[in-house]
Amino acid sequence: MKKHKLLIGGEWVDPQSGDWFESVNPFTAAPWALIPRGSKPDIDRAVAAARTAFYRSDWRGLTATARGAMLRRLADLIAAEAGRLSEIESTDNGKLIAEMRSQLNYIPQWFNYFGGLADKIEGRVIPIDKPGVFNFTREEPLGVIAAITPWNSPLMLAAWKLAPALAAGNTVVWKPSEFSSVSALVFGELFESAGFPPGVVNIVTGYGSEVGEPLITHPHVAKVAFTGGDKTGEHVYQLAAKGIKKITLELGGKSANIVFDDANLDDAVKGVVSGIFAATGQTCIAGSRALIQRSIHDQFIDRLLDLAKTARMGNPLDASTQVGPVTTRPQYEKVLDYIRIAKDEGAECRLGGAPATRPECGTGWFVEPTIFAGVKPEMRIAQEEVFGPVLSVIPFDDEDEAVRIANDTIYGLAAGVWTTSIRRALSMSERLEAGTVWINTYRAVSYMSPFGGYKRSGIGRENGMEAIREYLQTKSVWIDIAGNVPNPFVMR
Ligand code: NDP
């Protein structure tokens, strides 16, 4: 088993604790890598390295164009390593190789796009209302950014933070999930080759409480960019608030995938299946509630069952596998708990509802693709994020009821609408309380399009032009051009 090291100040170092922990392959349930157990002294060193790098001329003194070119060089290196990195991710988090490969092939675009934006960060000249004064704004980096990422799409969600943060001229200390740290550490090797000065990106692995908390509360961290569950997000927000730190939170969801009776049902069935089973339901944007118009409800469920039953489970490293294991044992137990809760609440289990014992699932943590019908909007299975392959089907009569049910959750990350009516599509896109609305498609994301949550699904936006602003602060500069100092006792 490879024993990994931390990346601090451009050097690969052992953790101060002298401890490592095992990362477990979810398909075999066997350990396959040793991850450094970082702690506060490592964070102190990493933040100090990032702070030094932030002020050093080989980073701060670079032109924005040179900084952008560095990001684009990194993009090329990622593209060259995409195969290796996707295999590492799939081995580490159990997600399908097909999914991880497509993410890795796409990740370079974040560094190309934000690399391109680096030299388009411009201030404004304000036609100020005071004679004899010139006023303009500068957009400046914040300083050291704490990036904290989850296990489900480890490098992609890191790219969403690192690319805009670096393009804006910040430096970064990155804490990946304890369950998916290997790809982060291998990815770390690329920064030096791309020409990033030492300390611009530092990686400290370890547990949330031992690494995440000292990082968030470190006085020299200017901003926290976090993706994870909403309960952790709430805690992270509280910790960051004590230091009045800027924050971006990308949290969970309970997204509604809404099918109207005028929809193309072939497409809608595929859309609902892909919304919940494609990533074994382990995605923040999972369409975990299917809202089906009552007039097509029964026939739609039959078609849904027909397609879901064909899902091939097995080794995530096999390109033909469609549903892989659940990433961690606690998560596997949580999914099975929710299945029990749904049954106790009276939901009708129409598919799955148990651990998968198919021979091709080996010793991994597999749960059968599960569909509950007869779900009432107030049931826990319809309100709480399961983060597994469990779908709740809820009937509705008309648009008003669909909107009411869809919006009746603490979350607001995404929603899908299946309809052939343009009027209905536009009306629903306006009425749904979600940061992303997909019409006749699902799970589409791009580096160009802002992504983030309404309500408890998050704060701030990643991707698109909006994202770079999350890593900048505005300075207003006033210059007297009249040469007369006015009355000192009155505000100018
Ligand atoms: P967690 O919230 O458990 O963890 C996310 C990250 O936070 C991990 O790196 C974790 O470290 C760290 N962390 C945990 N506790 C603390 C703490 N006290 N202080 C600082 N950091 C801490 O989420 P998961 O990794 O389980 O990921 C799944 C969750 O992420 C889901 O709920 C999902 O909805 C959400 N998610 C949201 C997305 C979005 O964009 N909105 C996208 C993808 C996922 P460690 O691993 O060591 O515990």
Side-chain angles (χ1 to χ4, degrees), residues 21 23-24 26 35-40 43 92-93 95 99 103 146-161 173-184 203-218 221 224-240 242 245 247-255 279-288 326-332 334-335 338 384-388 409-414 434-436 443 445 450-463 467:
F21 59 89
S23 192
V24 177
I35 308 301
R37 181 170 174 179
S39 57
K40 186 169 181 310
I43 285 298
D92 215 11
N93 72 0
K95 285 187 63 180
E99 166 111 343
Q103 288 191 6
I148 302 181
T149 50
W151 44 258
N152 60 339
S153 294
L155 290 182
M156 176 166 260
L157 295 171
W160 292 16
K161 295 162 184 55
V173 178
W174 171 19
K175 182 234 166 302
S177 164
E178 69 188 81
F179 303 110
S180 63
S181 295
V182 184
S183 62
I203 306 174
V204 182
T205 55
Y207 300 124
S209 56
E210 295 178 2
V211 171
E213 297 201 9
L215 176 59
I216 295 162
T217 52
H218 195 291
V221 164
V224 180
F226 172 87
T227 298
D230 66 316
K231 296 218 168 56
T232 318
E234 184 182 321
H235 183 58
V236 165
Y237 197 11
Q238 282 166 351
L239 292 176
K242 287 198 183 132
K245 297 189 180 179
I247 193 144
T248 312
L249 297 172
E250 297 290 0
L251 308 176
K254 193 73 197 175
S255 301
T280 318
Q282 300 178 112
T283 157
C284 53
I285 48 180
S288 50
V326 172
T327 295
T328 66
R329 174 168 277 285
Q331 186 62 29
Y332 168 76
K334 180 178 153 195
V335 174
Y338 269 110
E384 297 174 21
E385 187 181 42
V386 176
F387 224 61
T409 114
I410 55 174
Y411 299 109
L413 193 59
T436 294
R443 287 189 88 219
V445 292
F451 179 87
Y454 279 28
K455 303 193 273 187
R456 222 182 140 85
S457 288
I459 294 176
R461 290 293 175 269
E462 298 195 295
N463 307 339

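Because only heavy atoms are used, hydrogens play no part in the values below, and waters and symmetry mates are left out as well, while side chains stay in. Atoms within a ligand are numbered from 1 in the order they appear, just like the ligands themselves.
Listed by atom number, the atoms of ligand 1 under 4.0 Å from Cys284 heavy atoms are 34 (O), 36 (N), 37 (C), 38 (C), 39 (C), 40 (O), 41 (N), 42 (C), 43 (C), 44 (C). Atom numbering of ligand 1 starts at 1 in the shown order; those under 4.0 Å from a heavy atom of Thr232 are 1 (P), 2 (O), 3 (O), 13 (N), 14 (C), 15 (N), 16 (C), 22 (C). Taking every non-hydrogen atom of Asn152 and a distance limit under 4.0 Å, the qualifying atoms of ligand 1 come out as 43 (C), 44 (C). Heavy-atom proximity to Leu251, at under 4.0 Å, picks out these atoms of ligand 1: 37 (C), 38 (C), 39 (C), 41 (N). Remark: ligand 1 atoms within the under-4.0 Å shell around heavy atoms of Gly252 are 34 (O). Set against the non-hydrogen atoms of Ile216, the atoms of ligand 1 under 4.0 Å away are 20 (C). Contact atoms of ligand 1 toward Pro176: 9 (O) (distance under 4.0 Å to a heavy atom of the residue).
Within the structure, ligand 1 lacks Trp160 among the residues with a heavy atom less than 4.0 angstrom away. Distances from ligand 1 to the non-hydrogen atoms of Gly206 include at least one value under 4.0 Å.
In this structure, the side chains of Leu239 and Glu213 come closer than 4.5 Å at one or more pairs of heavy atoms. Counting only heavy atoms from C-beta outward, the side chains of Pro176 and Ile203 approach each other to under 4.5 Å.
Pairing each heavy atom of Ile148 with each of Leu215, the nearest pair is CG1-CD2, 4.3 Å.
The residue among Lys254, Lys175, Glu250, Gln331 with a heavy atom at the shortest distance from atom 10 (C) of ligand 1 is Lys175. Closest to atom 22 (C) of ligand 1 by heavy atom, among Gly212, Gly208, Gly233, is Gly208.
By the salt bridge (Lys or Arg N to Asp or Glu O under 4.0 Å) test, Glu210 is found to be paired with Arg37, residues two or more places apart in sequence or in another chain being considered. Partners of Glu462 by salt bridge (Lys or Arg N to Asp or Glu O under 4.0 Å), not counting sequence neighbours, listed by chain and number: Lys161.
Between Tyr207 and Phe21, the ring planes are parallel. Angles under 30° get that label, and only those over 60° would be called perpendicular.
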